[in-house]
Amino acid sequence: MSPHQLKKQTRRLSRTFFARPAPEVARDLLGKLLVHKLNGHTLAGKIVEAEAYLGDDDQAAHAARRLTSRTKVLFGPPGHAYVYFIYGMYECLNLVCEPDGIAGCVLIRALEPLAGIEEMQSRRPATHRLRDLASGPGKLTLAMGITRALYGCDITRGDLQVREFSDADPVEIVTTTRVGISVSRDLPLRFYIKDNEFVSAR
DNA sequence: CCGCGGATCTTCT
DNA sequence: GAAGATCCGCGGA
């Protein structure tokens with residue numbers, strides 16, 4: 001998909017899209033396009049897997065503890081990026097949801113690469129199969145060049161954005177429990193596109 | 001294909 | 001001081 005096609009066939013999501021409950025936003029993000037313009041390159045992938053994280057009622061959510069310097073963006077206005085560092089070497093991308101003052105976000109867990117694929121591959125030299133390029137929360141941030149430098153950035157303006165296809169087909173969604181957490185394990189807050197080979201942990 | 005463990009460091013207790 | 005919203009390479013089947 002060329003940058004020209006991307007601009008013509010898709011449009012950027014606005015803040016109202018994100019100003020809703022996180023589980024609802026997580027479902028609706030499936031099939032949308034995550035785009036990062038970086039150093040003259042346009043990197044893009046279709047969102048095929050996402051998880052919702054809530055506030056007080058979700059002990060697995062970073063926002064459940066309290067408001068800290070790390071989590072403060074979660075309590076702010078929707079449509080901003082929450083990027084955090086984990087396990088000493090990876091970064092994960094979340095999109096802040098809910099109205100201003102209410103915590104909640106969606107973790108982007110896997111992408112189907114659609115544009116700037118060679119650039120993504122150069123960022124993940126150890127990977128050879130396309131389906132492994134961005135099929136995990138740590139993998140996709142590496143492939144897309146997303147770092148903590150983007151903490152708090154406005155997704156509705158600027159170089160990191162989410163776009164929707166004007167002719168999007170409805171997607172078939174599978175709901176499961178979330179991956180890699182030790183508490184609040186039973187909540188059905190993971191969503192992915194059925195039969196999509198770019199989903200993590202198949 | 002599957003399971004296991006090491007790497008590595010920020011954040012909060 | 002310990003845990004953590006992960007990934008990769010290794011060994012075995």
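Each chain gets a letter, A, B and so on, in the order the sequences are listed, and its residues count up from 1.
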Rounded to the Å, how far apart are [X] [atom1] and [N] [atom2]?
{"X": "A:H128", "N": "C:dC7", "atom1": "NE2", "atom2": "C1'", "value": "16 Å"}
{"X": "A:E49", "N": "C:dA5", "atom1": "CD", "atom2": "P", "value": "16 Å"}
{"X": "A:D132", "N": "B:dC1", "atom1": "CG", "atom2": "P", "value": "10 Å"}
{"X": "A:Y192", "N": "C:dA5", "atom1": "OH", "atom2": "P", "value": "21 Å"}
{"X": "A:Q59", "N": "C:dG4", "atom1": "CD", "atom2": "C1'", "value": "15 Å"}
{"X": "A:E91", "N": "C:dC7", "atom1": "CD", "atom2": "C1'", "value": "14 Å"}
{"X": "A:L54", "N": "C:dA5", "atom1": "CG", "atom2": "C1'", "value": "13 Å"}

Do the side chains of A:Y53 and A:L29 join up, straight or via other hydrophobic residues, at under 4.5 Å, putting them in one cluster?
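Different hydrophobic clusters.
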Strictly below 4.0 Å, N to O, side chains only: are A:R124 and A:D132 in salt-bridge contact?
no
Taking only Lys NZ, Arg NE, NH1 and NH2, and the carboxylate oxygens of Asp or Glu, determine whether A:R20 and A:E98 approach each other closer than 4.0 Å.
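Here A:R20 does not pair with A:E98 in a salt bridge, since their nearest N and O are not under 4.0 Å apart.
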Closest of C:dG4, C:dT6, C:dC7 to the A:R124 side chain is C:dC7
Please determine, for the side chain of A:T127, which listed nucleotide (C:dA5, B:dC1, C:dC8) has the closest atom?
C:dC8
Which is more 5' along DNA chain C, the nucleotide nearest A:S182 or the one nearest A:K139? Just name the residue.
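Whichever sits nearer the 5' end wins; that is A:S182.
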Please work out the stems of DNA chain C from pairs that are Watson-Crick or G-U wobble with both distances under 3.5 Å, keeping only runs of three or more consecutive pairs.
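Paired runs of 3+ in DNA chain C: B:1-7 with C:6-12, B:9-12 with C:1-4.
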Side-chain donor-acceptor pair present, A:R163, A:Q161, cut-off under 3.5 Å:
yes
Any chance the side chains of A:S200 and A:E49 put a donor and an acceptor closer than 3.5 Å?
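A pair is found: one side chain offers a donor N or O, the other an acceptor, under 3.5 Å apart.
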Checking all strands, does A:L107 fall into the base, sugar-phosphate, or nothing category for heavy-atom contacts under 4.0 angstrom?
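It contacts base atoms.
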According to a cutoff of under 5.5 Å between the ring centres and under 30° between the ring planes, does A:Y84 stack with the base of C:dA5?
no
Quick one: are the ring centres of A:Y84 and A:H62 less than 6.0 Å apart?
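Yes, ring centres under 6.0 Å apart.
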Step by step, work out the side chain to side chain contact (heavy atoms under 4.5 Å, CB included) result for A:V73 and A:V96.
CA-CA 8 Å; A:V73 70; A:V96 177; 4.2 Å; yes
Expected string for nucleotides 6-13 of chain B under the B/S/- scheme (protein heavy atoms, under 4.0 Å, primed atoms plus P, OP1, OP2 as sugar-phosphate) is -BBBSSSS
What distance do A:Y151 atom OH and A:K72 atom NZ have between them, rounded to the nearest 0.5 Å?
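Between A:Y151 OH and A:K72 NZ, I get 4.5 Å after rounding to 0.5 Å.
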Verdict with reasoning, A:D58 to A:R178, per salt bridge (charged side-chain N to carboxylate O under 4.0 Å, His left out):
CA-CA 12 Å; A:D58 179 7; A:R178 294 172 295 183; 2.8 Å; yes
